[in-house]
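For reference, the structure is listed below as structure tokens.
Note: hydrogens, waters and symmetry copies are ignored here, and every other heavy atom, side chains too, is used. What you see is a predicted model, and the numbers here were worked out from it, not measured in a lab. Letters go in sequence order (proteins before strands), and every chain restarts at 1.
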Protein chains: 2
Amino acid sequence: MKLDEAKKQFVSEWGTFGSKWGVNRTMASVHALLLVSSESLCADDVMEQLDISRGNANMNLRALIDWGLVRKTHKAGERKEYFYAEKDVWKVTRQVIKERKRRELEPLRNMLTELKHDVDVESPESEEFQKMMVELSSFADAADVALEKMVKSDQKWVFNSLMKFLKASS
Amino acid sequence: MKLDEAKKQFVSEWGTFGSKWGVNRTMASVHALLLVSSESLCADDVMEQLDISRGNANMNLRALIDWGLVRKTHKAGERKEYFYAEKDVWKVTRQVIKERKRRELEPLRNMLTELKHDVDVESPESEEFQKMMVELSSFADAADVALEKMVKSDQKWVFNSLMKFLKASS
DNA sequence: ATATTATTTCAAAAAGTTCTGAAAGTTCAA
DNA sequence: TTGAACTTTCAGAACTTTTTGAAATAATAT
């Protein structure tokens with residue numbers, strides 16, 4: 001398979017994958033394109049290679065910068081902005097965890113905490129509801145601390161811990 | 001806060017949360033509703049409580065059954081089908097992991113494996129691309145084994161491992 | 001200052017997804 | 001069988017999200 005063909009397939013499938021995880025398909029494609037481009041690309045490159053409009057390219061590049069996955073760069077003697085994606089897969093993963101945690105897990109935890117405290121416990125029904133909130137809440141908390149530790153750790157250490165986890169007998 | 005009010009809030013926010021993770025908002029709401037209903041509900045209950053059509057209720061209840069999160073039940077002397085959600089949060093989590101792994105992670109791994117083998121390595125550019133595929137691939141593989149182990153373990157054991165992970169100095 | 005080039009914005013259009021409700025299908029008791 | 005009770009289907013409608021592209025804004029060179 002030719003390189004260009006392979007890149008195209010990767011970009012397209014990464015887009016599909018993203019869309020199943022609540023990420024705009026185009027944003028995921030732009031990210032994939034930058035991931036497999038050793039050189040930085042400018043807006044026109046992205047527009048051309050993905051066949052999307054200027055507005056769309058601009059919007060999704062900015063979203064990627066917002067997510068901390070892409071940086072603007074400049075080339076000497078050129079006025080255009082270029083875009084470069086972090087290539088280290090572990091760093092990318094950590095960044096995604098960090099952002100989703102902040103944007104989604106934390107609001108969820110706040111909601112659960114509120115609900116578990118605010119409901120009047122005055123009937124078996126209420127108690128059951130509260131119990132569910134407490135369970136979900138401790139679950140979300142556990143996920144939170146685990147993810148926080150991952151975000152702060154380096155790849156080797158996490159892989160090592162994973163190995164121990166796998167070898168340990170359950 | 002009254003119980004009904006709290007339930008409504010939970011159902012609505014769980015729906016929002018779901019939609020950020022690529023789950024149909026209504027499906028997440030139906031799941032939430034069943035999670036906080038100690039009794040099984042029938043299609044009409046769901047339609048009424050969420051104010052949705054019969055078709056929509058039917059479709060999302062079936063999807064939940066498909067995901068292994070909800071079971072059909074019957075009440076003695078009644079012809080109607082009732083629906084009951086698994087309440088054990090750990091079991092629910094495992095089921096979701098299991099299904100997403102099967103539906104999404106495995107296709108992704110296949111794609112990466114193909115791409116890393118099929119591309120002609122004949123230039124520095126191709127080598128770089130292949131390197132990225134290899135990295136993503138081993139990453140996906142690591143996630144796969146870790147999740148597989150989780151799916152097969154019980155809550156206590158996973159929480160215990162998590163504790164060790166958190167206490168270990170990085 | 002002005003022209004030139006690059007970037008951002010945003011209203012309207014397109015595309016994609018979800019929902020409705022009536023009709024068709026199924027099940028089962030009589 | 002028949003028909004009442006319930007479930008499923010699906011075409012079109014409603015809604016949501018994404019995309020476009022032209023205009024506004026910004027940045028830089030001359």
Where the side chain of [X] is defined as all heavy atoms beyond and including C-beta, which of [options] is the nearest nucleotide?
| X | options | result |
| --- | --- | --- |
| Arg54(B) | dT7(C), dC19(C), dT8(D) | dT8(D) |
| Lys80(A) | dT7(D), dT7(C), dT20(D) | dT7(C) |
| Thr26(A) | dT7(D), dT18(D), dT7(C) | dT18(D) |
| Ala43(A) | dT19(D), dT7(C), dT8(D) | dT7(C) |
| Asn24(B) | dT20(D), dT7(C), dT18(C) | dT18(C) |

Measure the distance from [atom1] on [X] to [atom2] on [N] and round it to the nearest whole Å.
| X | N | atom1 | atom2 | answer |
| --- | --- | --- | --- | --- |
| Glu48(A) | dT20(D) | CD | C1' | 18 Å |
| Tyr82(B) | dC6(D) | OH | C1' | 11 Å |
| Glu81(A) | dT8(C) | CD | C1' | 10 Å |
| Asn56(A) | dT7(C) | CG | P | 16 Å |
| Lys20(B) | dT17(C) | NZ | P | 20 Å |
| Arg62(B) | dT26(C) | CZ | C1' | 13 Å |
| Asp51(A) | dT19(D) | CG | P | 12 Å |
| Leu50(B) | dC19(C) | CG | C1' | 13 Å |

Query raised in the report: Do Arg94(A) and Glu99(A) meet the salt-bridge criterion of a basic N to acidic O distance under 4.0 Å?
Result: no

Query raised in the report: Does Glu104(B) pair with Lys20(A) as a salt bridge, N-O distance under 4.0 Å?
Result: no

Query raised in the report: Is there a donor on the side chain of Arg79(A) or the base of dA6(C) sitting less than 3.5 Å from an acceptor on the other?
Result: no

Report task. Check whether any side-chain N or O of Asn58(A) sits under 4.0 Å from OP1 or OP2 of dG21(D), and answer yes or no. Result -> no

Query raised in the report: Quick one: is dT18(C) close enough that its OP1 or OP2 comes under 4.0 Å of any side-chain N or O from Asn60(B)?
Result: no

Query raised in the report: Between Gln9(A) and Glu5(A), does any side-chain donor sit less than 3.5 Å from a side-chain acceptor?
Result: no

Query raised in the report: How would you label the contact of Met59(A) with the nucleic acid (heavy atoms, under 4.0 Å): base, sugar-phosphate, or nothing?
Result: base

Requested in this report: Would you indicate what Arg25(B) reaches in the nucleic acid, counting non-hydrogen atoms under 4.0 angstrom: base, sugar-phosphate, or nothing?
Outcome: nothing

Query raised in the report: Are Arg25(B) and Trp14(B) in a cation-pi setup, meaning NZ or CZ lies under 6.0 angstrom from the ring centre and within 45 degrees of the ring axis?
Result: no

Report summary line: d(His31(B) NE2, Thr26(B) OG1) to nearest 0.5 Å is 14.5 Å

